[in-house]
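Below, chains carry the letters A, B, ... as their sequence lines are ordered, and counting in each starts from 1.
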Protein chains: 2
Amino acid sequence: MRPPTIRDVAERAGVSKSLVSLVLRGSEQVRPEKREAVLAAVEELGYRPNAAARSLSERRTRTVGVLLHDMRNPWFVELLDGLNSRLHDNGLRMLLADGHLNRRLGEDLTRTFTELRVDGLIAVGTLPPSEALRAAAAQVPTVVAGAREPTLPHVDVVAGDDQLGARLATEHLIALGHRRIGHIAGDGVVGALRRHSFETVMREHGLLDLTAVERGDLTEEGGYRATVRLLSAPERPTAVLAFNDMSCVGALSAAEELGLRVPRDLSLVGYDNTYVSRLRHLWLTTVDNASHDVGRRAAQCLLDRIADPARPAQVVLTTPTLEIRGTTSPPAGR
Amino acid sequence: MRPPTIRDVAERAGVSKSLVSLVLRGSEQVRPEKREAVLAAVEELGYRPNAAARSLSERRTRTVGVLLHDMRNPWFVELLDGLNSRLHDNGLRMLLADGHLNRRLGEDLTRTFTELRVDGLIAVGTLPPSEALRAAAAQVPTVVAGAREPTLPHVDVVAGDDQLGARLATEHLIALGHRRIGHIAGDGVVGALRRHSFETVMREHGLLDLTAVERGDLTEEGGYRATVRLLSAPERPTAVLAFNDMSCVGALSAAEELGLRVPRDLSLVGYDNTYVSRLRHLWLTTVDNASHDVGRRAAQCLLDRIADPARPAQVVLTTPTLEIRGTTSPPAGR
DNA sequence: GACCAGTTTTGGACCGTTCCAGAACGTACG
DNA sequence: CGTACGTTCTGGAACGGTCCAAAACTGGTC
């Protein structure tokens, strides 16, 4: 009652197992009638190759491991889509693992992936710094997608251009006439880049004095709290640039709770163009990182790196665009 | 430069490969000093067992495949969390695959999983009917989680009790004083159950005449359109029970667009208690299916079925609760 | 009919584990 | 001292594929 093996197929088709293997891998060197016979036998027996046996012998798995930070934050869905399509085109399958789900269990996902001997590793989003990832990256081709860290030798980074994105958003607000603008800052290098770019643009317009920054934590709750702090200043901002869509939703709630109408009394800009921002009821103006493209390019980087593991590490940045929706308008006074 | 094998470890520790295998699998029958030697060698070489070789030999993979319908709809996150924790406790790893991502590529995920020879399969949510899944379920222990179909021989089903959930929601609205109540209906058996239960409760209260049902499609967009239709009736409902949180958000937008305040002019109830419903700005009253529990129980079912594949198919229903938040109140007239 | 050059086909080694039967080594007992 | 019995350790046969060198077929030429 075991699943049929290549030998069963061979016997049924009246050929050797080697010939079956040849047919299955699409060799040209096989006479049509034998090919037919083999394929017929495969069909009749419902044969499926055993991936474990194959990868043991081939010494590769045609599988790449994808490390997610947290499925609860939906910004990566598009990225994954791009990743998957490009990998699939090259005969690679994708295995997902959620770091957040597993960290609680104290399990190290890179360990699972190394035991699986994945052909490549993609770290999606800013992961907590981990010695294990560093070690894994030294063994197996690795690409960081949608984040800027960690920077490791031979590890490519593919992400949206955060400096440009934050600039687009800030200039949009300034062009609308806002002068006193707040920022909800995020973590890590990405957080620092967006914040820094925001401040740079404000300085360029001589508005640095009117700038306020509060730290959020990427969640709605964090955005809510940061906004409450921003809005409780004596001179409150008329616009807020949030680190991401989730904290922007938090900002929306804070505004509402304080009796401010968005965008009349307070303009808000999110970041990531997640489906949450696209919910009609929220309809956030937000920065689109071209995540699908980030995914595709990350896949390409990985493919290139698998082909030549020693090539120098690259940093690929995609060009973000501003998606203007319902949460920005000129300030009330104008 | 290849990764070290069990033989390398054996040589380094001055023992046979069999002894290494014994130590690694935690046998008691090994003298402490040898054990130490082996573990030291493992450490020094950075040895990691090769999962492919192991599963080829053991004829099992300690891996279960999880088929997701669509990552964009976030209701399953908690479920996955429960699933993962229980599976992990039993030494099984979980591989995710998103059907939506892959269907576009025309790839059949059950195929990937059968080639991988996963020890079990979990279908999460209502998947499009598929001959492949039926065939796979005949080969490998399978459990449906968070959905009611397909019903196949030897396939367990674990889900929230949709009848009870819809009843709780409907009775809540009636208790608040609503009489004219609309419903946004969903697809599949789950959709039918919720709708039917809604209608039953309405009938019990003699309100069947005041009932209106419009079909949605699980998305925000579908919920929006269905609500527009519901609200354009001459006598419009004062409350709407949505099939899920996503369509409830759509309903929220529709209400807003038509100038109705929620909950003053229109009460709304969602379903699934997703994080979207928990966003402070939306704060939907919704039915909680105890998804974490569904996940844990589904995992348990799968474990039981792996132990005894021939046992009769079970249907396990969890008890939902109503999560009352900001989108329900007595109707304006009261 | 022998020989040659291609084209097809095949047997067997190998990939890195597990697992089993039996070997080697005590230790206790008659 | 020989034997029996535990305990600990080992060699080798799987597991189900790939791949290579060589064997077995072709058909054509002299």
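- Salt bridge annotation for B/Arg7-B/Glu11: absent, with no cationic side-chain nitrogen under 4.0 angstrom from a carboxylate oxygen.
- Tested against B/Val20, the residues B/Val15, B/Thr5, B/Asp8 include a single side chain to side chain contact (heavy atoms under 4.5 Å, CB included) partner, B/Val15.
- Contact annotation: side chain of B/Arg25 to base of C/dT17, donor-acceptor pair absent below 3.5 Å.
- Contacts of A/Lys34 with the nucleic acid, taken as non-hydrogen atoms under 4.0 Å apart, involve only primed sugar atoms and P, OP1 or OP2.
- A residue-by-residue look at B/Ser16 and A/Arg31 shows that B/Ser16 has its nearest nucleotide of DNA chain D further toward the 5' end.
- Considering CD1 of A/Ile6 and CG of A/Leu45, their distance stands at 12.0 Å, rounded to 0.5 Å.
- Distance, A/Ile6 CD1 to C/dT10 P: 12 Å, rounded to whole Å.
- At the heavy-atom level, B/Arg35 lies nowhere under 4.0 Å from the strands shown.
- Distance A/Leu56 CG to D/dG17 P: 12 Å, rounded to the nearest Å.
- Once rounded to the nearest 0.5 Å, the distance linking OH of B/Tyr275 with OG1 of A/Thr219 reads 12.5 Å.
- The distance from atom CD of A/Glu58 to atom P of C/dG16 is 14 Å, rounded to the nearest whole Å.
- Within 4.0 Å of A/Thr5, counting heavy atoms only, lie sugar-phosphate atoms of the nucleic acid but no base atom.
- You'll find a donor-acceptor pair under 3.5 Å spanning the side chain of A/Arg7 and the base of D/dG17, going by distance alone.
- Rounded to an integer number of Å, the gap from CZ of A/Arg48 to P of D/dG17 is 12 Å.
- Taking the side chain as every heavy atom from C-beta outward, A/Ser55 and A/Arg62 never approach each other to under 4.5 Å.
- Between the axis at the start and the axis at the end of the helix from C/dG1-D/dC30 to C/dG30-D/dC1 there is an angle of 80°, using five pairs per end and rounding to 10 degrees.
- At the phosphate of D/dC15, OP1 or OP2 sits under 4.0 Å from a side-chain N or O atom of A/Arg2.
- For the pair A/Leu24 CG and D/dG17 P, the computed distance is 9 Å after rounding to whole Å.
- Here CE of A/Met94 is found 9.5 Å from OG of A/Ser85. Values are rounded to the nearest 0.5 Å.
- Side-chain to base pairing of B/Ser18 with D/dG11: one donor and one acceptor N or O lie within less than 3.5 Å of each other.
- D/dG16 atom P lies 14 Å from atom CG of A/Leu45, rounded to whole Å.
- A straight line from CD of A/Glu115 to P of C/dG16 spans 15 Å, rounded to a whole angstrom.
- We find that A/Arg86 and A/Asp89 are not joined by a salt bridge, their nearest charged nitrogen and carboxylate oxygen being 4.0 Å or further apart.
- Along DNA chain D, the nucleotide closest to A/Lys17 and the one closest to B/Gln29 are compared, and the more 5′ of them pairs with B/Gln29.
- Contact annotation: A/Arg54 side-chain N/O to D/dT18 OP1/OP2 distance is under 4.0 Å.
- The separation between A/Leu19 atom CG and C/dT7 atom C1' is 12 Å, rounded to whole Å.
- Remark: the backbone N or O of A/Val157 is not paired with any side-chain donor or acceptor of A/Arg148 at under 3.5 angstrom.
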